[in-house]
Number of protein chains: 2
Amino acid sequence: MLSQTMVALKSSRQQADRVAPPSVFDSLGSTIEMMGTTMSFARNSEIYFESEPADYLYKVVSGVVRTCKVLADGRRQIGSFYLPGNIFGFEGNEHTFSAEAVVDCKVLLIKRSTLFVSRDPSIASQLWGMAATELQRAQAHLVLLMKGAQQRVVDFLMEMSTRSSSSSANVVDLSMSRQDIADYLGMTIETVSRMLSQLENCGVIAMPSARRIVLRSLGTLHRLSA
Amino acid sequence: MLSQTMVALKSSRQQADRVAPPSVFDSLGSTIEMMGTTMSFARNSEIYFESEPADYLYKVVSGVVRTCKVLADGRRQIGSFYLPGNIFGFEGNEHTFSAEAVVDCKVLLIKRSTLFVSRDPSIASQLWGMAATELQRAQAHLVLLMKGAQQRVVDFLMEMSTRSSSSSANVVDLSMSRQDIADYLGMTIETVSRMLSQLENCGVIAMPSARRIVLRSLGTLHRLSA
DNA sequence: CGGCGCCTTGAACCAAGTCAAGCTCTGTGG
DNA sequence: CCACAGAGCTTGACTTGGTTCAAGGCGCCG
């Protein structure tokens, strides 16, 4: 049951890149305006660590971010993946998970304190809404972990398909490794691999390459995830 | 893998009991004052259903509440338990889980709209804090579900011990059934039972009765939950 | 071409689930 | 007050889905 993950993180935290113009932090169609700083992070570098004080919110500009935690026995749990446009870093006063760049990323940082000085009540309710979205994500993840291996993989594919505003629907380009997927779904890379092969054999997906998945029958997939 | 749970819910939604005086909604040491309504719910009755619009927040006055969801295959997932003083009902605009009374309960209802009319910025930040707490709870639950059966049960006992402001520390009085515990921990009642017996045989807990657990060695328990 | 990540596949193993009794409370009616 | 019924809990024997261990394949870059 022990460690498979043991990712050697690049220790180099990246430096600030440029100061963004007064920009629109526009998730959820909102209009929180503020000064933000964009930073770049190299693949597998750490954005923040799990227990650092949470003074910022983060918005993915490009790339993909994962939040994760290394358990006592060396295994790793991934809390969530964040795609361009997504906002992360919502945990209370102290981060409960670390955040890392899955691939090279640009991330917009917003100091939390700047959000509360403004008296604009719409900001408060937007924050509320984002936290609620995050909570729903976590709850969906809980439900996912109760299912069997095949269902988990199918759910994952469907989630990624839905969330990535991909050009051609039905094609999912995964930027994360099998190990990342396994740690997100709470299983081993071998099982992830087997389930994918199995789905391919059944003809419901195709894998032109390991990281590119074609969803050939959304109907069947949806039924499988029941 | 099919249904074990099939709880027959009492359909009788309870009526409003009395109107509370302008009361202090004082979780997190806050001072959100408002008119609230206290309602009583009988054991196993439904407080709200998963997909109803979420117009209220709820505070447990007495008793214990569970939030849960019935999966497609009939199994049930419990999102969380709420003890007296805890506040629940934070999901976005629509509840993702149902809420039910584990035992006879009194619950204080607060209409959300009343929270937003006031311009008091402290209310907003308190709401933010509560949502963050709820998120942390969910994340802790995620981590829990990655562990082995014994660890899950130990974690559950520790959580309950910590959260219940019990008179005598080290004694946990469970108001929920084995089935509730199993559905919270993502396993079967048999496994829960086996793990508890095992812990008792090792001498780290005692069970004067099925629902009353004495933690005989917090140190050992803490080590086991590693 | 060779080395190295990363992914896949196979076979053996094991933790938890399933199925099936049996036990222990608790409340109820005689 | 006792006997009985039923729900809830425990325990044992067997099955199984997923992990573990161990090769082997594929693709990429030097």
Side-chain angles (χ1 to χ4, degrees), chain A residues 1-10 43-44 71 73-76 102-103 144-154 156 173-201 205-213 224, chain B residues 1-10 43-44 71 73-76 102-103 144-154 156 173-201 205-213 224:
Chain A
M1 205 195 229
L2 274 197
S3 63
Q4 274 207 69
T5 301
M6 293 308 159
V7 179
L9 284 181
K10 296 188 183 175
R43 179 175 135 83
N44 287 330
L71 307 183
D73 61 1
R75 278 175 312 158
R76 186 181 64 158
V102 173
V103 296
L144 198 168
L145 290 182
M146 308 283 302
K147 305 188 187 178
Q150 195 187 59
Q151 289 192 339
R152 293 190 205 188
V153 172
V154 170
F156 172 75
D173 278 295
L174 302 171
S175 38
M176 65 290 289
S177 69
R178 292 288 187 272
Q179 186 64 62
D180 285 331
I181 299 171
D183 291 345
Y184 178 68
L185 298 179
M187 54 206 222
T188 59
I189 51 175
E190 290 96 331
T191 303
V192 172
S193 193
R194 270 185 257 274
M195 293 303 127
L196 286 170
S197 301
Q198 196 175 299
L199 290 169
E200 188 173 36
N201 291 336
I205 67 170
M207 288 194 286
S209 79
R211 303 276 184 114
R212 162 163 293 205
I213 315 278
L224 283 176
Chain B
M1 207 197 229
L2 275 194
S3 63
Q4 273 206 70
T5 300
M6 295 309 161
V7 178
L9 285 182
K10 296 188 181 175
R43 182 176 134 82
N44 286 331
L71 307 183
D73 60 2
R75 278 175 312 158
R76 185 182 65 159
V102 173
V103 296
L144 197 168
L145 290 183
M146 309 283 301
K147 305 189 188 179
Q150 194 187 59
Q151 290 192 338
R152 293 190 205 188
V153 171
V154 170
F156 172 74
D173 278 295
L174 302 171
S175 38
M176 65 289 288
S177 69
R178 292 290 188 272
Q179 187 64 62
D180 285 331
I181 298 172
D183 291 344
Y184 178 68
L185 298 180
M187 53 207 226
T188 59
I189 49 174
E190 291 95 331
T191 303
V192 172
S193 194
R194 271 186 255 275
M195 293 304 127
L196 286 170
S197 301
Q198 196 174 300
L199 290 170
E200 188 174 35
N201 291 336
I205 66 169
M207 288 194 286
S209 81
R211 302 277 184 113
R212 161 163 292 203
I213 315 278
L224 284 176

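Labels below follow one simple rule: chain letters A, B, ... track the order of the sequence lines, proteins then strands, and each chain is numbered from 1. These numbers come from a predicted model, not from an experiment.
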For the pair made of [atom1] in [X] and [atom2] in [N], what is the distance, rounded to whole Å?
X	N	atom1	atom2	value
B:Q198	D:dT11	CD	P	11 Å
B:M207	C:dC23	CE	C1'	14 Å
B:R212	D:dG8	CZ	C1'	18 Å
B:R75	C:dA16	CZ	P	16 Å
B:L174	D:dT10	CG	P	11 Å
B:D183	C:dA16	CG	P	17 Å
B:L185	C:dA16	CG	P	12 Å
A:M176	C:dC6	CE	P	15 Å

With sugar-phosphate meaning primed atoms plus P, OP1 and OP2, does [X] contact a base, only sugar-phosphate, or nothing at under 4.0 Å between heavy atoms?
X	result
B:S177	sugar-phosphate
B:R211	sugar-phosphate
A:S193	base

OP1 or OP2 of D:dT11 versus the side-chain N and O atoms of B:S197: is any pair under 4.0 Å?
yes

A:T191 vs D:dG18: side-chain N/O to OP1/OP2 distance below 4.0 Å
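For D:dG18, OP1/OP2 do not have a side-chain N/O of A:T191 under 4.0 Å.
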
Between A:R178 and A:L196, does the side-chain contact (heavy atoms from CB on, under 4.5 Å) criterion hold? Intermediate values first, please.
CA-CA 10 Å; A:R178 292 288 187 272; A:L196 286 170; 3.6 Å; yes

As a test of reading the structure: which of D:dT11, D:dT10, C:dT8 is closest to the side chain of A:R178, going by heavy atoms?
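It is C:dT8.
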
Is there a donor N/O on one and an acceptor N/O on the other, under 3.5 Å, for the side chain of B:E190 and the base of C:dC19?
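Side chain to base: pair found, below 3.5 Å.
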
Can you find a donor-acceptor pair, distance only, under 3.5 Å between B:R194 side chain and D:dG12 base?
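By the distance-only test, yes, there is a pair.
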
In terms of heavy-atom contacts, A:R76 and A:D183 come closest through NE-OD2, 2.7 Å

Worked check of side-chain contact (heavy atoms from CB on, under 4.5 Å) between B:V153 and B:M187:
CA-CA 10 Å; B:V153 171; B:M187 53 207 226; 3.3 Å; yes

Would you say B:R211 has more than 12 foreign heavy atoms packed within less than 6.0 Å of its CZ?
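Yes.
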
Test log, rule side-chain contact (heavy atoms from CB on, under 4.5 Å), inputs B:D180 and B:S177:
CA-CA 5 Å; B:D180 285 331; B:S177 69; 3.5 Å; yes

